Amino acid sequence: MDIYEKIVELLKRRGFLWPSFEIYGGVRGFVTYGPLGAELKHRIEEKWREWFVYKQGFVEIESPVIMPEVVFKASGHLDHFTDPIVECLNCKRKFRADHIVEEATGMVVEGLSPKEIEEIIKKKNIRCPECKGQLGQVNVFNLMFKTTIGPYSENRGYARPEAAQGMFVEFKRVFTAMREKLPLGIAQIGKVLRNEISPRKGLIRLREFTIMEVEVFVDPEDLSCPKLSEVEDEELRLITAEMRARNEEKPLVVTAREAVEKGYISAEWQAYFMVISKYFLSSLGIPWERQRFKEQMPWEKAHYSKQTFDHEVYLERFGWVEVAGHAYRTDYDLKRHMEHSKVDLTVFKRYKEPRIVEKVVVKPLGDVIKTDFGDNASKIIKLLKNIDPRELKNSFESEGYYEFDGNRIEPRHVKIEVKKEKITGRRFIPHVFEPSFGADRLVYATLECSYSVKENRVILKLPRDLAPIQVAVFPLVNKNGLPNIARDIWNMLKEEGIRATYDDSGSIGRRYARADEIGIPIAITVDYQTPKDSTVTLRDRDTWKQVRMPVDKLLNSLLDYFKGKKNFNELGICQE
RNA sequence: GCGGGGCUAGUCUAGCCUGGUCUAGGACGCCGGCCUCCCAAGCCGGUUACCCGGGUUCAAAUCCCGGGCCCCGCACCA
């Protein structure tokens with residue numbers, strides 16, 4: 001049994017998570033989080049919020065999972081989130097149409113339409129690679145889940161394959177609500193769906209999963225990240241696309257600042273978020289040696305991305321697995337939504353000082369034009385209103401006239417004025433940086449990194465602030481009133497917001513073992529000394545050390561401990 | 001989607017090749033009780049299973065067919 005199997009077994013047995021719909025045989029690519037798993041996942045999401053929302057001064061929204069077709073037409077997912085598929089008419093096998101053409105001809109067909117691929121197949125008489133049978137029509141398989149909105153089938157909708165589109169579609173409202181300031185970070189945690197052809201590997205590839213994304217909107221003329229200086233000395237481990245092209249797999253270790261200055265990372269915001277990403281994963285207990293950033297090759301990148309670095313984690317069974325993507329989406333999405341919605345999604349930015357610019361203005365002289373051009377006059381006037389004044393001026397200077405459609409326009413037809421204009425700012429489409437995390441993969445990575453074995457017993461060494469259950473309360477034995485005292489302590493802690501459990505079944509050692517296995521950081525034991533002096537022992541999950549402390553100090557000490565203000569040894573008097 | 005391997009209680013597994021002795025065995029867990037002054041101790045009792053459907057046969061966990069799911073390889077993973 002490898003560690004993956006051991007973890008899967010533990011997760012099922014103790015109620016973290018399991019494959020969904022088991023009583024009906026199950027469906028691949030779906031999991032259900034049980035009592036402990038749901039809590040753990042919430043904790044990871046909450047931690048992400050701390051790093052990527054609260055500390056950044058960003059804001060979170062929640063937008064629908066189902067979206068109308070037009071959103072994905074605009075976003076490009078309808079066209080790009082697909083694979084072209086061709087079926088052999090003889091053996092009925094299905095193939096990636098583009099791969100077949102590439103193999104048979106060596107042509108690069110990426111970006112061609114299904115029709116174009118089909119034509120190539122016909123023209124070159126490409127046959128089924130398995131049975132040499134004739135190939136049929138090239139169809140596209142879209143990886144989005146399709147549905148109808150309401151009762152009319154023409155009202156098509158899709159489940160979102162990323163949360164990002166919600167942020168783009170609602171950008172204007174959020175921007176206004178946040179009083180029109182850039183940079184603006186909009187975050188969202190939510191379910192997304194992808195109709196994977198063949199999902200595998202448990203939590204690593206699901207059809208329905210949780211994504212945690214930030215879209216940071218910035219001024220394209222000022223791509224600098226003001227917060228990079230706070231973290232610029234932090235080291236990153238990079239495998240750039242250029243290194244990958246040379247088969248260089250040993251990561252380059254550079255500071256965030258260096259990575260930007262030497263051009264490995266195309267923008268400061270990217271580098272900044274990669275450092276925050278490192279901090280976040282480290283806070284989940286994922287060691288830095290098991291993390292790296294790998295740049296996507298041009299053909300791997302999504303249609304909207306200018307540069308993408310995947311944040312990868314090393315897992316024993318699966319090797320390096322992507323848990324986050326850091327993409328520079330430029331103005332792609334907002335631009336596309338502007339085109340499709342016809343709504344202006346540009347932002348206006350005031351200059352510090354209004355600028356006075358000199359503007360050359362062409363004023364057509366109607367009377368003269370009418371006299372000279374007669375019926376053509378209105379056409380000429382229209383032209384002159386739209387013409388670039390410089391072009392006209394240059395033509396006058398060099399030729400003495402400007403020729404348009406067989407008409408000679410001479411300086412006497414117009415009045416050219418130089419006007420002073422006050423410009424208070426400019427309009428532009430913001431550019432977007434996107435860190436995007438797969439929550440479920442992080443749940444697994446967190447579990448794998450915290451899984452340990454001590455004296456043949458499993459200990460889940462979850463960071464204390466991730467543990468689904470914070471403390472366990474035990475009576476040392478089930479007599480002499482100890483259970484009642486323990487229950488009182490348990491109730492008190494629950495009342496005060498500590499997630500506590502009570503267990504009096506089996507020997508004390510067995511109960512410690514049960515608690516260790518699900519990662520409860522602290523066990524409180526009520527023993528024979530407790531009725532005498534109102535003290536209890538606290539036992540540390542990772543070291544099995546014990547300290548003794550008064551019951552009335554318990555709550556505050558635990559709160560300090562879980563906030564990270566105190567370590568276990570500082571909680572009380574060590575018992576050896 | 002293709003090829004290979006697999007599926008027996010909460011978990012891990014014996015049995016399958018060679019059909020009947022399987023009313024399906026074990027270990028651990030879990031629940032209740034006893035015991036117990038600190039690390040899966042002991043004792044008593046309880047709990048739970050042949051992935052689903054069809055076929056062959058007097059008889060199927062076992063053989064055959066179809067499906068589901070899991071694992072591995074290929075493919076796929078915007």
Side-chain angles (χ1 to χ4, degrees), chain A residues 1-2 4-6 8-15 18-30 72 75-83 85 87-88 91-96 98-100 103 110 129-130 140-144 161-162 164 192 194-202 204-207 296 299-305 308 310 317 321-322 325 327 436 438 454-459 474-480 482 503-517 523-530 536-541 543-546 548 575:
Chain A
M1 260 226 274
D2 68 4
Y4 173 80
E5 281 175 284
K6 285 181 191 158
V8 167
E9 185 270 329
L10 172 66
L11 298 184
K12 267 199 220 175
R13 191 164 43 78
R14 296 304 305 267
W18 53 83
S20 304
F21 322 118
E22 273 182 315
I23 66 164
Y24 289 111
V27 180
R28 266 191 289 183
F30 296 91
F72 297 113
S75 72
H77 285 86
L78 215 50
D79 295 327
H80 296 288
F81 200 60
T82 56
D83 294 328
I85 281 185
E87 193 183 36
C88 170
C91 70
K92 305 290 175 196
R93 285 191 180 87
K94 286 182 179 176
F95 302 95
R96 277 284 298 265
D98 49 344
H99 289 188
I100 281 198
E103 266 170 44
E110 198 154 330
E130 292 294 323
V140 286
F141 177 74
N142 193 291
L143 267 54
M144 288 191 292
E162 57 168 7
V192 300
R194 298 178 185 185
N195 202 359
E196 300 285 352
I197 297 167
S198 174
R200 289 259 175 95
K201 300 175 182 173
I204 305 304
R205 222 165 123 220
L206 295 169
R207 287 196 165 110
Q296 290 185 359
W299 57 85
E300 293 173 333
K301 281 186 307 186
H303 57 274
Y304 49 71
S305 172
T308 300
D310 286 340
R317 179 139 189 184
V321 170
E322 172 196 354
S436 167
K454 179 173 178 177
E455 294 175 21
N456 228 9
R457 286 162 42 168
V458 173
I459 305 177
F474 307 142
L476 183 61
V477 293
N478 288 315
K479 61 182 185 187
N480 298 32
L482 300 188
D503 188 359
D504 62 9
S505 153
S507 69
I508 190 73
R510 180 180 294 269
R511 285 177 262 159
Y512 286 143
R514 272 189 208 122
D516 287 344
E517 194 183 40
I524 297 168
T525 302
V526 171
D527 59 22
Y528 282 106
Q529 204 178 319
T530 310
V536 288
T537 62
L538 270 61
R539 170 198 178 265
D540 179 45
R541 174 194 68 197
T543 60
W544 299 358
K545 277 191 189 152
Q546 297 196 337
R548 184 146 209 111
Q575 310 282 297

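Below, read A as the first sequence line, B as the second, and so on, with proteins coming before strands; counting in each chain starts at 1. Owing to the predicted nature of the structure, the values given are computational and were not obtained by experimental measurement. Excluded from the calculations below are hydrogen atoms, water molecules and symmetry mates; all remaining heavy atoms, backbone and side chain alike, are included.
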Residues in salt bridge (Lys or Arg N to Asp or Glu O under 4.0 Å) with [X], at least two apart?
X: A:Arg207; answer: none
X: A:Arg510; answer: none
X: A:Arg317; answer: A:Asp2
X: A:Asp504; answer: A:Arg487

Taking [atom1] from [X] and [atom2] from [N], how many angstroms apart are they, rounded to a whole number?
X: A:Tyr512; N: B:C37; atom1: OH; atom2: P; answer: 14 Å
X: A:Leu476; N: B:U36; atom1: CG; atom2: P; answer: 12 Å
X: A:Asn478; N: B:C38; atom1: CG; atom2: P; answer: 14 Å
X: A:Glu517; N: B:U11; atom1: CD; atom2: C1'; answer: 10 Å
X: A:Glu162; N: B:C77; atom1: CD; atom2: P; answer: 16 Å
X: A:Leu482; N: B:U36; atom1: CG; atom2: C1'; answer: 11 Å

In chain order, what residues pass the side chain to side chain contact (heavy atoms under 4.5 Å, CB included) check against [X], with sequence neighbours excluded?
X: A:Ser305; value: A:Lys301, A:Thr308, A:Ala327
X: A:Asp503; value: A:Phe474, A:Ser505, A:Arg511, A:Arg514
X: A:Pro161; value: A:Phe72, A:His77, A:Phe81, A:Met144, A:Arg194

Specify the closest pair of heavy atoms between A:Tyr4 and A:Lys201, including all atoms of both residues, with the distance to one decimal.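 Minimum heavy-atom separation between A:Tyr4 and A:Lys201: OH-C, 3.7 Å.
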What N/O pairs connect the protein and nucleotides 46-53 of chain B at under 3.5 Å? Give each pair on its own line.
none

Sugar-phosphate, base or nothing in reach of [X], heavy atoms under 4.0 Å:
X: A:Tyr304; answer: base
X: A:His77; answer: nothing
X: A:Asp516; answer: nothing

Can you name the residues that form a side chain to side chain donor-acceptor pair (under 3.5 Å) with A:Ser507, not counting sequence neighbours?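 Checked A:Ser507 against side chain to side chain donor-acceptor pair (under 3.5 Å); zero matches.
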Which atoms of nucleotides 27-33 of chain B (N or O only) lie under 3.5 Å from a protein N or O atom, and what are those distances?
unit_1: B:G29; atom_1: OP1; unit_2: A:Arg510; atom_2: NH1; d: 2.6
unit_1: B:G29; atom_1: OP1; unit_2: A:Arg510; atom_2: NH2; d: 3.0
unit_1: B:C30; atom_1: OP1; unit_2: A:Arg514; atom_2: NE; d: 2.2
unit_1: B:C30; atom_1: OP1; unit_2: A:Arg514; atom_2: NH2; d: 3.2
unit_1: B:C30; atom_1: OP2; unit_2: A:Arg510; atom_2: NH1; d: 3.1
unit_1: B:C30; atom_1: OP2; unit_2: A:Arg514; atom_2: NH2; d: 3.4
unit_1: B:C31; atom_1: OP2; unit_2: A:Ser505; atom_2: OG; d: 3.3

Which atom pairs link the protein and nucleotides 70-72 of chain B when you take only N or O atoms and keep those under 3.5 Å?
unit_1: B:C70; atom_1: OP2; unit_2: A:Arg28; atom_2: NE; d: 3.4
unit_1: B:C71; atom_1: OP1; unit_2: A:Tyr4; atom_2: OH; d: 3.4
unit_1: B:C71; atom_1: O3'; unit_2: A:Arg317; atom_2: NH2; d: 2.6
unit_1: B:C72; atom_1: OP1; unit_2: A:Arg317; atom_2: NE; d: 3.1
unit_1: B:C72; atom_1: OP1; unit_2: A:Arg317; atom_2: NH2; d: 3.4
unit_1: B:C72; atom_1: N4; unit_2: A:Arg200; atom_2: NH2; d: 3.1

Think [X] has a side-chain N or O under 4.0 angstrom from the OP1 or OP2 of [N]?
X: A:Tyr528; N: B:C37; result: yes
X: A:Thr525; N: B:C38; result: no
X: A:Lys12; N: B:G10; result: no

For B:C77, does the base pair up with any side-chain atom of A:Glu322 as donor and acceptor (N or O, under 3.5 Å, distance only)?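 No.
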Can a donor-acceptor pair be found between the side chains of A:Tyr512 and A:Thr525 at a distance below 3.5 Å?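 Side chains of A:Tyr512 and A:Thr525: pair found under 3.5 Å.
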Taking side chain as C-beta onward, heavy atoms only, is A:Lys6 less than 4.5 Å from A:Leu10?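 With C-beta onward as the side chain, the pair stays apart.
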Side-chain heavy atoms of A:Asp527 within contact of A:Arg548, under 4.5 Å: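 Yes, at least one pair of side-chain atoms sits under 4.5 Å.
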Strand RNA chain B in bracket notation, Watson-Crick/G-U under 3.5 Å with | for pairs to another chain: (((((((..((((......[....))))((((((.......))))))...(((((..]....))))))))))))....
What integer number of Å spans the P atoms of B:G6 and B:A14?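 My reading of the P atoms in B:G6 and B:A14 gives 12 Å.
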What's the closest nucleotide to the side chain of A:Glu9 if the choices are B:C35, B:C38, B:U11?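 The answer is B:U11, which lies nearest to the side chain.
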